[in-house]
Novice: 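Below you'll find the structure I mean.
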Amino acid sequence: MLIKSLLANDRGGRILLTALLLVSVAVVASNQLLPQDSMLHVPTYTVTLLGKYLCYALLAVAVDLAWGYLGILSLGHGAFFALGGYAMGMYLMRQIGDRGVYGNPELPDFMVFLNWQELPWFWSGFDQFWFAMIMVLLVPGLLAFAFGWLAFRSRVTGVYLSIITQALTYALMLAFFRNEMGFGGNNGLTDFKDILGFSLQADSTRLGLFIASAIALAAGYLLCRSVTNSRLGRVSVAIRDSEDRVRFIGYRVEKIKLAVFTLSAVLAGVAGALYVPQVGIINPNEFSPLNSIEAVVWVAIGGRGTLFGAVVGALLVNYGKSYFTAAMPEAWLFALGAIFVLVTLFLPRGIVGLFNRDSDQPSKARHPTDGDDSGPVTTAALPQEAH
Amino acid sequence: MATTSTHYRTMPEGRRSTGWRALWLLALLFTVSTASTAFAASDDFEQGLALLSEKSFSKKGRAIELLVASGHEQVLPLLQTMSAGELYYRKSDDRIVTRRDADTGYEITDAVSGEALGTVGRRDVKKVAINNTLRSQLTQAIAELQLGAADPGIRKTALEAMLSELTADSLPLLEKRRRTEQDDSVIEVLDIAIAVAQLESSERSVRLQALQALEGSLYPSVRNRLVTMTANDADAGVRKAAEKALITIESRVNLFSNLETLFFGVSLGSVLILAAIGLAITFGVMGVINMAHGELIMIGAYTTYVIQLLMPNAIEYSLLVAVPAAFIVSGLVGIAIERGVIRFLYGRPLETLLATFGLSLVLQQAVRSIFSPLNRSVETPQWMSGTWEINAIFSLTLNRLYIIAFCLIVFFLLHLILKRTRLGLEVRAVSQNRQMARAMGVRSQWVDALTFGLGSGIAGVAGVALSQLTNVGPNLGQAYIIDSFMVVVFGGVGNLWGTLVAGLSLGVANKVMEPWAGAVLAKILVLVFIILFIQKRPRGLFPQKGRAAEG
Amino acid sequence: MTAMGYVPSWLNRDEVFEFLKPEPSARLDLSHNCILYLEDLNVSFDGFKAINNLNLYIEPGELRCIIGPNGAGKTTMMDIITGKTRPDSGKAFFGQRIDLLKMSEAEIAAAGIGRKFQKPTVFEELCVFENLELAMAGDKAVWPTYRARLSGEQMDRIEETLVLIGLENDRWLRAGILSHGQKQWLEIGMLLMQNPKLLLVDEPVAGMTHQEMDRTGELLTSLAGERSVVVVEHDMDFVRSIARTVTVLHQGSVLAEGTMDQVQSDSRVIEVYLGE
């Protein structure tokens with residue numbers, strides 16, 4: 001029922017979640033039930049590829065929440081994604097145990113290679129899945145919180161904010177390239193064996209990860225939708241349009257931005273954590289500023305400020321990327337670059353905007369008077385409401 | 001400097017080689033002074049040459065003495081070849097030769113006349129063997145011969161090479177040379193050499209005096225000598241004086257190493273300024289975020305490469321051509337970008353950022369397709385390579401010096417353009433109030449295009465400079481774009497002086513931190529510092545003030 | 001006075017222990033019959049003195065008009081009161097105890113000072129209804145904002161305001177497509193929803209027709225009494241029609257104060273307005 005009320009006014013969301021459900025069932029069924037040589041058989045390789053796209057889609061939703069609704073063009077979401085990925089990678093690394101090349105039960109191969117004698121303190125605890133999962137949420141969240149706390153308080157906005165988020169990402173990339181950091185330097189973390197005891201090579205594990213990505217995307221989408229549907233979402237849009245004015249009607253703009261930005265970073269981290277076991281590697285290139293900015297373009301192509309569009313954009317561009325880099329690798333950067341330019345020039349509201357001409361008309365259905373949502377009246381009891 | 005001292009240290013017992021060398025030096029004293037005259041007999045030369053094929057090392061030592069005494073012009077190259085262990089004699093007639101590997105045996109050449117003597121079997125030649133005593137004798141002899149050379153540069157180098165081996169025995173020769181030496185730079189080293197030689201004196205006062213003379217000398221060998229002295233000298237007073245001299249030296253060495261760091265910092269800073277200053281125009285004055293700025297720099301660097309391809313015989317002048325060419329090429333590309341994309345996006349900075357980033361990808365890929373993804377090497381003209389040696393431990397590389405100068409020239413030219421020309425006035429007018437400027441008849445579109453072209457052209461010029469320092473490749477621009485933005489933001493947007501100060505201070509800060517943090521960590525620290533700094537002062541070091549800047 | 005008064009919080013009081021926080025009106029101490037104190041304020045921009053030793057006192061329930069030539073410092077004064085600009089020196093108190101100079105814009109707004117800008121600024125992407133909803137007084141911290149649902153009572157208030165500002169039929173229109181005058185009204189409506197104790201209104205009738213002007217005048221007069229209203233306006237007819245007390249600002253300080261007639265006969269005021 002909660003889901004129903006969230007999607008009451010969100011046709012795109014309804015389509016998306018239905019499609020997600022259908023595709024997941026179809027993919028799993030075809031992979032498991034149909035014979036390998038059947039036309040409709042989906043090979044495991046494709047399942048993993050789809051899972052990867054879903055992770056990108058979740059990242060795009062996170063970017064859209066920050067950019068489309070709050071107006072923060074973050075060029076640092078690639079970094080949050082990568083941090084989530086590293087947290088997961090560290091868990092997977094510890095799971096290898098003594099099956100590494102050097103057979104050290106405690107230390108990952110690259111540490112043995114560097115002649116390290118013991119595990120650095122920040123690696124402890126990552127042998128526990130629950131701990132790693134907390135870190136997946138906490139590390140990107142804390143970084144976003146600390147960064148946002150500084151930046152929003154001193155009212156760094158607009159392109160300045162974009163540029164310093166990019167600088168942050170760049171600094172992180174340089175840092176993770178260093179062997180001394182203890183995250184595998186250039187090569188990053190790889191050669192993973194299993195997750196929660198299931199082999200990463202097994203078809204069933206890969207299907208499981210695909211389903212987990214689909215669920216994460218659906219949950220992330222609904223969470224973001226619940227924010228954008230709430231008054232908090234409307235305040236966010238107000239902040240995007242006129243930050244100062246929001247202050248003068250009594251909202252602590254910094255805190256609202258901080259909360260939404262941190263939420264968005266955490267979602268990006270989750271996407272990264274699901275991405276790593278599916279691609280089997282995480283290295284510092286994931287911090288590359290290009291990745292962050294690409295995620296922004298997915299959103300721009302799909303249509304910013306719609307959430308649904310972000311998913312569409314991420315899927316389309318990444319499908320295009322897979323196709324192009326296989327068919328004509330030379331052309332991919334030309335195509336991507338052209339997309340950047342053309343979308344900003346001719347398609348400011350993205351693909352979804354093309355089909356949804358009046359999407360920015362606030363709809364009546366959003367409102368309790370017209371909708372069926374007569375949820376509990378939470379604010380009425382507060383003393384401030386008495387005039 | 002104590003050049004008139006006549007106190008010599010007596011020869012310690014048990015140091016035969018030194019004693020031997022003293023005798024030999026006495027001979028040398030005689031010979032070097034007469035070497036330039038035609039007095040020497042060619043007999044000496046022939047005799048010495050003959051003795052070289054002897055087995056006995058002492059006879060070979062005698063041979064060297066005779067050779068030196070002969071004053072023959074071929075002596076120096078001969079001794080150098082011998083010292084390098086490449087001198088042979090033909091067994092059949094004891095003729096001194098050099099050899100080269102051939103298919104069967106060796107090709108041999110007369111070591112003196114250079115006459116080709118055909119090919120011989122592998123067993124037909126034998127090496128003129130040398131031992132340690134001979135080797136040091138050779139080194140000394142070569143040095144002394146060079147000391148008598150006509151070119152002051154060779155004399156100076158020879159003296160510097162000698163510093164670590166000087167003993168009291170060398171003193172008479174040095175003092176004699178000192179009396180006739182004309183060249184100031186040689187005199188300087190000569191005085192130091194004399195003082196070093198005097199350190200071996202048995203007289204306490206001479207040693208003290210020498211120490212005084214050596215205070216502040218920067219030659220590493222002098223420093224090593226003093227370090228030994230602080231530990232080994234018999235006299236406590238002398239040890240103390242040596243320590244004092246050493247402290248002075250250390251502090252000077254520190255001073256110069258700091259100066260060197262500063263130089264590297266300023267050099268890096270000027271590169272940053274060059275890369276950022278075009279951005280300071282497009283971002284600072286026009287408010288346009290141009291993520292393709294790095295690629296405009298790259299285009300400048302590739303222009304240099306192409307120019308050198310076009311004029312392979314005139315590399316010396318290629319840069320002079322490349323600077324205006326790169327300005328024009330990058331400037332035109334910039335104008336095309338402005339007319340084609342950016343002008344539709346004024347007032348939408350975030351979209352501009354995305355679109356120009358897309359352009360940067362296209363430009364990179366275009367360069368990859370045209371020139372290959374590999375790095376291209378751009379040659380450095382002769383006049384830009386080399387170093388300017390200020391003293392023994394401090395020298396500045398010329399290409400960096402040129403780039404610092406170039407950066408300043410570009411900066412002040414740009415400053416002049418913005419402050420003194422009609423275009424500059426219009427640019428400032430448009431950047432402050434577009435509507436008003438248009439109302440007053442400024443063709444704002446035209447000004448936009450030209451300003452953007454100017455900023456882009458300067459990026460191209462920066463590319464020419466960068467091509468002299470780093471590899472020219474498709475990723476050249478990416479490496480500088482974030483740094484450039486940091487410089488502009490740190491300095492304060494819309495303020496050229498801020499860019500100058502920010503570029504220099506970031507460059508110096510980077511280089512100061514490098515020794516203890518390492519290059520990558522230093523860079524990270526600088527980035528983190530700027531990120532924090534922007535929180536504290538969002539408008540940079542030199543913010544634009546006033547009501548117009550509010551909100 | 002300040003020590004025991006409003007303690008600017010490094011504790012996150014607004015989000016925790018919400019029930020411990022007294023209502024703004026309870027903290028607002030009007031015991032000396034003065035709702036706004038500005039004393040010895042000074043502000044300069046790059047050496048230009050925008051506010052020069054300004055002293056101004058507003059009584060509770062008063063309707064005060066502030067006039068003055070361009071550059072007299074009217075807007076800067078409002079910026080100081082609402083926390084947008086920090087003065088170089090001086091004091092600004094809301095009631096007896098609330099030190100405005102130590103508060104952020106949002107805190108000041110929450111304490112009960114509302115402002116209407118010279119250029120109407122409404123949230124263009126949101127509809128009229130939502131604009132009013134956001135402005136409505138209430139707990140504006142993050143979590144309560146996320147959980148907020150409109151109560152019947154709140155719906156009624158928005159409804160009332162919609163009627164008052166004449167936009168009841170345009171409630172679902174995007175604010176961005178309203179006419180200039182409608183935006184002015186919407187902004188006034190938002191101000192009312194904030195339920196402030198002190199309203200700062202910057203040129204409310206700019207761009208309005210005579211009819212609208214009259215309605216605005218009536219509205220402002222009716223608001224005064226329960227609240228204090230400070231109006232900055234250039235339109236002398238409008239000022240004359242609503243003003244009881246007029247303050248003339250010139251070069252950042254108060255030149256004259258009194259009824260419209262008194263002020264208009266003041267020789268210094270005439271000099272400033274008509275030139276030497």
Side-chain angles (χ1 to χ4, degrees), chain A residues 67 71-73 75 147 149-178 180-181 243-244 288-290 293-294 296-297 299-301 304 329-346 348, chain B residues 283 287-289 291-292 337 340-342 344-345 348-366 368-369 373 474 478 481-486 488-490 493 518-540 551:
Chain A
W67 182 38
I72 298 174
L73 178 56
L75 300 183
F147 180 81
W149 189 74
L150 287 167
F152 302 146
R153 215 179 36 132
S154 41
R155 306 205 179 156
V156 179
T157 53
V159 284
Y160 278 84
L161 193 65
S162 303
I163 289 169
I164 62 171
T165 52
Q166 189 178 30
L168 178 79
T169 312
Y170 186 59
L172 279 170
M173 179 174 79
L174 291 179
F176 274 76
F177 265 120
R178 284 162 50 87
E180 296 85 340
M181 278 286 286
E243 187 170 330
D244 271 337
S288 141
L290 176 63
I293 210 161
E294 248 190 81
V296 172
V297 164
V299 177
I301 289 174
R304 59 183 283 216
E330 287 263 305
W332 169 241
L333 277 186
F334 281 127
L336 185 64
I339 291 173
F340 273 86
V341 179
L342 297 177
V343 164
T344 44
L345 282 184
F346 301 114
Chain B
F283 181 38
V288 168
I289 307 293
M291 295 299 273
I337 292 176
V341 177
I342 291 175
F344 303 109
L345 297 171
R348 290 160 65 197
L350 296 180
E351 276 86 346
T352 315
L353 190 156
L354 290 180
T356 50
F357 192 87
L359 286 174
S360 81
L361 294 181
V362 171
L363 289 175
Q364 273 174 42
Q365 187 58 42
R368 266 189 211 112
S369 303
Q478 279 190 320
I481 182 71
I482 292 179
D483 288 341
S484 310
F485 270 114
M486 290 296 109
V488 175
V489 170
F490 181 53
V493 170
V520 178
L521 196 57
K523 194 160 176 159
I524 296 171
L525 289 174
V526 167
L527 280 175
V528 170
F529 164 75
I530 297 174
I531 292 172
L532 293 177
F533 178 87
I534 297 300
Q535 321 290 347
K536 202 71 200 158
R537 295 189 62 170
R539 289 176 194 285

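All of these numbers come straight from a predicted model, not from anything done at the bench. Chain naming here is simple, since letters A, B, ... match the order of the sequence lines and numbering starts at 1 in each.
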Novice: Name the region of A/Trp332, side chain, backbone, both or neither, that has any atom closer than 4.5 Å to a heavy atom of chain B.
Specialist: neither

Novice: How long is the straight-line distance from NZ of B/Lys536 back to CG of A/Leu150, given to the nearest 0.5 Å?
Specialist: 9.5 Å

Novice: Would you mind checking which part of B/Arg537 comes under 4.5 Å of any heavy atom in chain A, side chain (CB onward), backbone (N, CA, C, O), both or neither?
Specialist: neither

Novice: Is chain A contacted by the side chain of B/Leu345, its backbone, both, or neither, given a heavy-atom distance below 4.5 Å?
Specialist: side chain

Novice: Show every donor-acceptor pair shorter than 3.5 Å between a side-chain atom in residues 354-362 of chain B and any protein atom, with sequence neighbours excluded, or say none if there are none.
Specialist:
residue  : atom : partner  : partner atom : Å
B/Thr356 : OG1  : B/Ile289 : O            : 3.3
B/Thr356 : OG1  : B/Met291 : N            : 3.0
B/Thr356 : OG1  : B/Thr352 : O            : 2.7
B/Thr356 : OG1  : B/Leu353 : O            : 3.1
B/Ser360 : OG   : B/Phe357 : O            : 2.7

Novice: Does any heavy atom of chain B fall under 4.5 Å from the side chain of A/Val156, the backbone, both, or neither of them?
Specialist: side chain

Novice: Of the listed residues (B/Gln365, B/Lys523, B/Arg348), which shares the most heavy-atom pairs with chain A below a 4.5 Å separation?
Specialist: B/Gln365

Novice: Based on non-hydrogen pairs under 4.5 Å, which of B/Asp483, B/Leu525, B/Leu363, B/Ile524 is most in contact with chain A?
Specialist: B/Ile524

Novice: For A/Ala167 and B/Ile482, work out which heavy atoms get closest and say how close.
Specialist: CA-CG2, 4.3 Å

Novice: Please round to the nearest 0.5 Å and tell me the distance separating atom CG of B/Leu532 and atom CD1 of A/Ile164.
Specialist: 9.0 Å

Novice: Can you tell me which portion of A/Tyr160 sits under 4.5 Å from chain B's heavy atoms? Options are side chain, backbone, both or neither.
Specialist: side chain

Novice: Looking at A/Ser162, A/Gly337, A/Ala335, which has the largest count of heavy-atom pairs under 4.5 Å with chain B?
Specialist: A/Gly337

Novice: As a quick check of understanding, evaluate side-chain contact (heavy atoms from CB on, under 4.5 Å) for A/Tyr170 and B/Gln478, giving each step before the final call.
Specialist: CA-CA 11 Å; A/Tyr170 186 59; B/Gln478 279 190 320; over 6 Å; no

Novice: If every non-hydrogen atom of B/Leu350 is compared with every non-hydrogen atom of A/Gly71, which pair is closest and at what distance?
Specialist: CD1-O, 4.3 Å

Novice: Give the intermediate values and the outcome of side-chain contact (heavy atoms from CB on, under 4.5 Å) for residues B/Glu351 and A/Leu345.
Specialist: CA-CA 8 Å; B/Glu351 276 86 346; A/Leu345 282 184; over 6 Å; no

Novice: Can you find a pair of side-chain heavy atoms, one from A/Arg153 and one from B/Gln535, that are under 4.5 Å apart?
Specialist: no

Novice: For A/Leu342, which atoms come within 4.5 Å of any heavy atom of chain B: side chain, backbone, both, or neither?
Specialist: neither

Novice: In terms of heavy-atom pairs under 4.5 Å, which option from B/Val526, B/Val489, B/Leu521 contacts chain A the most?
Specialist: B/Leu521

